[in-house]
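Only one structure is covered here, and it is reproduced in the block below.
Given the structure is predicted, the values throughout are model-derived calculations rather than measurements.
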Amino acid sequence: MAIERRLAHAGFTLTRDYPAPIERVWNAFAEEDKKLSWWGAGDAIEPGEWVFDFRVGGHDIDAGTFHNGPVSRYEATYSDIVEHVRIVTTYDMWLDGVHMSTSVASLEFEPIDEGTRFTHVEHGVFFDQFWTDGLGREKGTRGLLEALANYLA
């Protein structure tokens, strides 16, 4: 059976205020041990390959197997990092070895009286059988922001 070749585009912006100083929110992304404390799917996934290289041009990899489910693989490249201000990445996702999507994401950190305002802006291109998965990506990112909130609490 031939694969139907399609592309779909999806974008979203999520903003969340965290009652924590900007340095603490930043370090949750910039320091490997801290990122490992909250990043990913928690107990829903069996961890696999992990690479953390937080620098412009550096690459991150996070792979794992969902219990009784598919293998997920995330590979990111850091395009821009300005300490306590922004992180810009491009990243690719695979599901069971099939290239699912390519995205660009900007993470912005802004000090506010109550702590830190964090804004995640993403635009993704979803390939072939994954062309309807844009809404799932936003939902997954919301879950990551909730995991970050729990970590910071």
Side-chain angles (χ1 to χ4, degrees), residues 10-126 130 132-153:
F12 58 90
T13 299
L14 301 173
T15 300
R16 183 147 181 183
D17 293 347
Y18 293 108
I22 199 165
E23 295 82 5
R24 186 152 184 259
V25 179
W26 176 266
N27 289 340
F29 291 89
E31 295 181 14
E32 183 174 15
D33 62 325
K34 291 176 177 50
K35 189 170 183 178
L36 274 168
S37 296
W38 67 273
W39 179 264
D43 293 337
I45 196 165
E46 181 65 32
E49 183 180 3
W50 172 265
V51 175
F52 181 83
D53 186 13
F54 186 74
R55 63 182 175 84
V56 173
H59 301 281
D60 283 2
I61 297 172
D62 184 10
T65 304
F66 288 93
H67 300 297
N68 301 315
V71 176
S72 173
R73 183 174 182 87
Y74 162 92
E75 292 188 18
T77 301
Y78 293 100
S79 300
D80 187 55
I81 298 171
V82 178
E83 188 174 23
H84 300 150
V85 176
R86 69 177 177 259
I87 301 167
V88 179
T89 67
T90 57
Y91 74 91
D92 291 275
M93 294 291 299
W94 284 265
L95 200 60
D96 280 338
V98 179
H99 195 194
M100 174 182 195
S101 64
T102 299
S103 296
V104 61
S106 63
L107 316 177
E108 300 172 63
F109 304 79
E110 178 186 354
I112 57 174
D113 289 342
E114 302 80 24
T116 303
R117 176 159 295 143
F118 176 80
T119 303
H120 178 112
V121 179
E122 183 166 333
H123 179 79
V125 180
F126 295 81
F130 302 106
T132 62
D133 287 359
L135 291 175
R137 180 67 48 82
E138 181 176 347
K139 180 181 177 187
T141 303
R142 285 183 189 281
L144 281 174
L145 298 187
E146 185 62 27
L148 177 59
N150 293 336
Y151 166 78
L152 295 168

Of all the heavy-atom pairs spanning [X] and [Y], show the shortest one and how long it is.
X      : Y      : result
Trp38  : Ala28  : NE1-O, 2.8 Å
Leu145 : Tyr18  : O-OH, 2.9 Å
Ser103 : Gly124 : OG-CA, 3.4 Å
Arg24  : Leu152 : NH1-O, 2.6 Å
Ser79  : Val56  : O-CG1, 3.6 Å

Quiz item: What side chain to side chain donor-acceptor pair (under 3.5 Å) pairs are there with at least one residue in residues 106-116, not counting sequence neighbours?
Solution: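 Output for this query is empty, none listed.
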Self-check item: Pairs touching residues 143-153 that satisfy side chain to side chain donor-acceptor pair (under 3.5 Å), sequence neighbours left out
Solution: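 Residue pairs with at least one partner in residues 143-153: Arg16-Glu146.
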Quiz item: Which is it for Thr119 and Thr13 under the side-chain contact (heavy atoms from CB on, under 4.5 Å) test, yes or no, and what are the steps along the way?
Solution: CA-CA 7 Å; Thr119 303; Thr13 299; 3.9 Å; yes
Practice problem: Using the side-chain contact (heavy atoms from CB on, under 4.5 Å) rule, take Phe66 and Ser72 through it: C-alpha gap first, then chi angles, then the decisive distance, then the call. | Solution: CA-CA 8 Å; Phe66 288 93; Ser72 173; 3.6 Å; yes
Measuring from [X]:[atom1] to [Y]:[atom2], what's the distance to the nearest 0.5 Å?
X      : Y      : atom1 : atom2 : value
Thr89  : Glu75  : OG1   : CD    : 12.5 Å
Met93  : Asp62  : CE    : CG    : 8.0 Å
Glu122 : Leu107 : CD    : CG    : 9.0 Å
Thr15  : His120 : OG1   : NE2   : 10.5 Å
Phe118 : Ile112 : CZ    : CD1   : 13.0 Å
Leu36  : Phe52  : CG    : CZ    : 8.0 Å

Looking at residues at least two apart in the chain, or sitting in another chain, which of them share a side-chain contact (heavy atoms from CB on, under 4.5 Å) with [X]?
X     : answer
Val51 : Glu49, Ile61
Ala30 : Trp26, Phe54
Asp96 : Pro70, Val71

Self-check item: Candidate pair Phe126 and Arg137, rule side-chain contact (heavy atoms from CB on, under 4.5 Å), full reasoning
Solution: CA-CA 10 Å; Phe126 295 81; Arg137 180 67 48 82; 3.6 Å; yes
Self-check item: Evaluation steps, side-chain contact (heavy atoms from CB on, under 4.5 Å), between Met100 and Val98
Solution: CA-CA 6 Å; Met100 174 182 195; Val98 179; over 6 Å; no
Practice problem: For Lys34, enumerate each residue passing the side-chain hydrogen bond (donor to acceptor under 3.5 Å, both in side chains) test, keeping only those at least two apart in sequence or located in another chain. | Solution: Glu31
Practice problem: Please determine which of Tyr74, Tyr78, Tyr91 meets the side chain to side chain donor-acceptor pair (under 3.5 Å) test together with Asp60. | Solution: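 The single option meeting the side chain to side chain donor-acceptor pair (under 3.5 Å) with Asp60 is Tyr78.
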Quiz item: Between Thr102 and Thr90, is any pair of side-chain heavy atoms under 4.5 Å apart?
Solution: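 A side-chain contact is absent here, since even the closest heavy-atom pair is not under 4.5 Å.
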Quiz item: What class does the angle between the rings of His99 and Trp94 fall in, given that below 30° is parallel, 30 to 60° is tilted and above 60° is perpendicular?
Solution: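 Parallel: the ring planes of His99 and Trp94 meet at under 30°.
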